[in-house]
Student: 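Before I ask anything, let me first share the structure, which is written out below as structure tokens.
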Amino acid sequence: MNIIYTKSYEKGLKKLKRHVKEYQNLLTILDIIENADNFDILVQLPIVHLYRFERLKHKWNEYYSFNLSKSRGKIRLIIKPNENNKVEVYIGFISFDHYEDFEIEKVIYYDE
């Protein structure tokens, strides 16, 4: 699957590098995403449940998240499938406080 990175993700990535375990889990998750044929298959992979992959609720229902610590940690990778394209996914944001620091307006896309 094709990954489209956002400016918001790049900014969070710099901060995440100080969290070694979570950073390594991020690299593993990105590899899983890249190797999935499409988003529907990604959702069904058993390994994503190790990272508590879930769809967000309420105003964020277009987004999904992975827990970067595999357990009760607060750091999340937030992704969004590209509209009408099941083979591209936006890596949108890294939340460091269990979504408390995530707002849709904070996701900044690169101009295409």
Side-chain angles (χ1 to χ4, degrees):
M1 187 164 18
N2 186 33
I3 295 177
I4 304 168
Y5 295 95
T6 64
K7 290 180 183 179
S8 313
Y9 164 78
E10 300 290 344
K11 183 178 177 183
L13 183 61
K14 291 178 184 177
K15 185 177 175 182
L16 183 67
K17 288 183 179 180
R18 290 181 269 159
H19 303 270
V20 176
K21 183 173 117 182
E22 288 83 357
Y23 180 72
Q24 289 301 317
N25 287 336
L26 170 69
L27 297 178
T28 301
I29 291 167
L30 292 176
D31 188 54
I32 292 167
I33 293 170
E34 285 178 348
N35 288 308
D37 291 333
N38 60 52
F39 193 77
D40 293 332
I41 290 175
L42 176 69
V43 171
Q44 295 176 9
L45 291 174
I47 194 165
V48 299
H49 299 291
L50 290 175
Y51 298 97
R52 300 190 183 230
F53 179 72
E54 64 183 1
R55 187 175 194 165
L56 302 185
K57 297 177 183 174
H58 309 295
K59 66 181 177 182
W60 303 310
N61 67 357
E62 295 178 351
Y63 293 85
Y64 295 77
S65 78
F66 289 92
N67 186 331
L68 294 181
S69 66
K70 286 190 185 178
S71 58
R72 301 175 191 255
K74 292 185 172 187
I75 302 175
R76 303 286 196 281
L77 172 67
I78 300 174
I79 69 170
K80 177 184 174 186
N82 193 357
E83 290 180 26
N84 299 322
N85 188 346
K86 295 288 187 176
V87 296
E88 288 185 330
V89 64
Y90 288 104
I91 304 296
F93 194 82
I94 297 175
S95 170
F96 288 89
D97 194 20
H98 196 266
Y99 316 120
E100 295 296 320
D101 56 348
F102 176 62
E103 290 296 328
I104 294 173
E105 299 82 30
K106 289 185 176 183
V107 179
I108 303 167
Y109 298 95
Y110 286 106
D111 294 332
E112 295 184 18

Student: Test of understanding: with salt bridge (charged side-chain N to carboxylate O under 4.0 Å, His left out), list the residues that count as partners of D31, not counting sequence neighbours.
Tutor: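 With neighbours one apart ignored, the set is empty.
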Student: Sequence neighbours left out, what passes side-chain hydrogen bond (donor to acceptor under 3.5 Å, both in side chains) with T28? Give chain and number order.
Tutor: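 Expected list: none.
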Student: Kindly write out the residues that satisfy salt bridge (charged side-chain N to carboxylate O under 4.0 Å, His left out) with K15, not counting sequence neighbours, or none if the list is empty.
Tutor: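 In terms of salt bridge (charged side-chain N to carboxylate O under 4.0 Å, His left out), with neighbours along the sequence ignored, K15 is linked to no residue.
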Student: Can you give the donor-acceptor pairs under 3.5 Å from side chains of residues 37-48 to other protein atoms, not counting sequence neighbours?
Tutor:
from, atom 1, to, atom 2, distance (Å)
N38, OD1, D40, N, 3.0
N38, OD1, I41, N, 2.9

Student: Any side-chain heavy atom of Y9 within less than 4.5 Å of one from I94?
Tutor: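 They are in side-chain contact.
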Student: For the residue pair I78 and S95, what are the closest heavy atoms and their distance?
Tutor: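 The pair with the smallest heavy-atom distance is CD1-CB, 4.0 Å.
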Student: Indicate the atoms forming the closest heavy-atom contact of G92 with S8, along with that distance.
Tutor: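 Where G92 meets S8 most closely, the heavy atoms are O-CB, 3.2 Å.
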Student: How long is the straight-line distance from CD of Q24 back to CG of L16, given to the nearest 0.5 Å?
Tutor: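 So the CG of L16 and the CD of Q24 are separated by 10.0 Å.
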Student: NE2/H49 to CG/N67 distance, rounded to the nearest 0.5 angstrom?
Tutor: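 Output value for this atom pair is 14.0 Å.
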Student: To the nearest 0.5 Å, what is the distance between CD (E22) and CD1 (I29)?
Tutor: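 It is 10.5 Å, given to the nearest 0.5 Å.
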Student: Tell me which pairs pass salt bridge (charged side-chain N to carboxylate O under 4.0 Å, His left out) where either residue lies in residues 41-56, with sequence neighbours left out.
Tutor: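 Residue pairs passing salt bridge (charged side-chain N to carboxylate O under 4.0 Å, His left out), neighbours aside: none found.
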Student: Below 30° counts as parallel, above 60° as perpendicular, anything between as tilted: where do the rings of Y64 and F53 land?
Tutor: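 Geometry flag for F53 against Y64: parallel rings.
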Student: With rounding to the nearest 0.5 Å, note down the distance linking CZ in F93 to CD1 in I79.
Tutor: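 Rounded to the nearest 0.5 Å, the CZ-CD1 separation comes out at 15.0 Å.
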Student: side-chain hydrogen bond (donor to acceptor under 3.5 Å, both in side chains) with N61: which residues, sequence neighbours excluded?
Tutor: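 Checked N61 against side-chain hydrogen bond (donor to acceptor under 3.5 Å, both in side chains); zero matches.
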Student: Do L68 and L26 have side-chain heavy atoms sitting under 4.5 Å apart?
Tutor: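 They are in side-chain contact.
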Student: For K17, which residues count as a side chain to side chain contact (heavy atoms under 4.5 Å, CB included) partner, sequence neighbours excluded?
Tutor: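 K17 satisfies side chain to side chain contact (heavy atoms under 4.5 Å, CB included) with L13, Y23 only.
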Student: Could I get the full list of salt bridge (charged side-chain N to carboxylate O under 4.0 Å, His left out) partners for K59, not counting sequence neighbours?
Tutor: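 If we apply the salt bridge (charged side-chain N to carboxylate O under 4.0 Å, His left out) test to K59, skipping adjacent residues, the hits are E103.
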Student: Quick one: list whatever passes salt bridge (charged side-chain N to carboxylate O under 4.0 Å, His left out) with E62, sequence neighbours left out.
Tutor: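 With neighbours one apart ignored, the set is K80.
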Student: I want to check something: taking the side chain as every heavy atom from C-beta on, are I32 and Y51 in contact at a cut-off of under 4.5 Å?
Tutor: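 The answer is yes, as the side chains (C-beta and beyond) meet within the 4.5 Å cut-off.
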Student: Not counting sequence neighbours, which residues clear side-chain hydrogen bond (donor to acceptor under 3.5 Å, both in side chains) with S65? List them please.
Tutor: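 S65 satisfies side-chain hydrogen bond (donor to acceptor under 3.5 Å, both in side chains) with Y99 only.
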Student: To the nearest 0.5 Å, how far apart are CG in N82 and CD1 in I4?
Tutor: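 Spacing of CG (N82) from CD1 (I4) equals 4.5 Å.
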Student: Do F96 and L27 sit in the same hydrophobic cluster, where Ile, Leu, Val, Met, Phe, Trp and Tyr count as joined when their side-chain heavy atoms come under 4.5 Å apart?
Tutor: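 Yes, it is one cluster - the side chains of F96 and L27 are joined through contacts under 4.5 Å.
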Student: Go through the structure and list residues passing ring pair (Phe, Tyr, Trp, His ring centres under 6.0 Å) with Y63, not counting sequence neighbours.
Tutor: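 Listed in chain order: F102.
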Student: Under 4.5 Å between side-chain heavy atoms, counting indirect links through other Ile/Leu/Val/Met/Phe/Trp/Tyr residues: same cluster for V89 and V87 or not?
Tutor: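 No: no chain of side-chain contacts under 4.5 Å links V89 to V87.
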Student: Can you list everything that forms a side-chain hydrogen bond (donor to acceptor under 3.5 Å, both in side chains) with N25? Sequence neighbours excluded, please.
Tutor: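 With neighbours one apart ignored, the set is empty.
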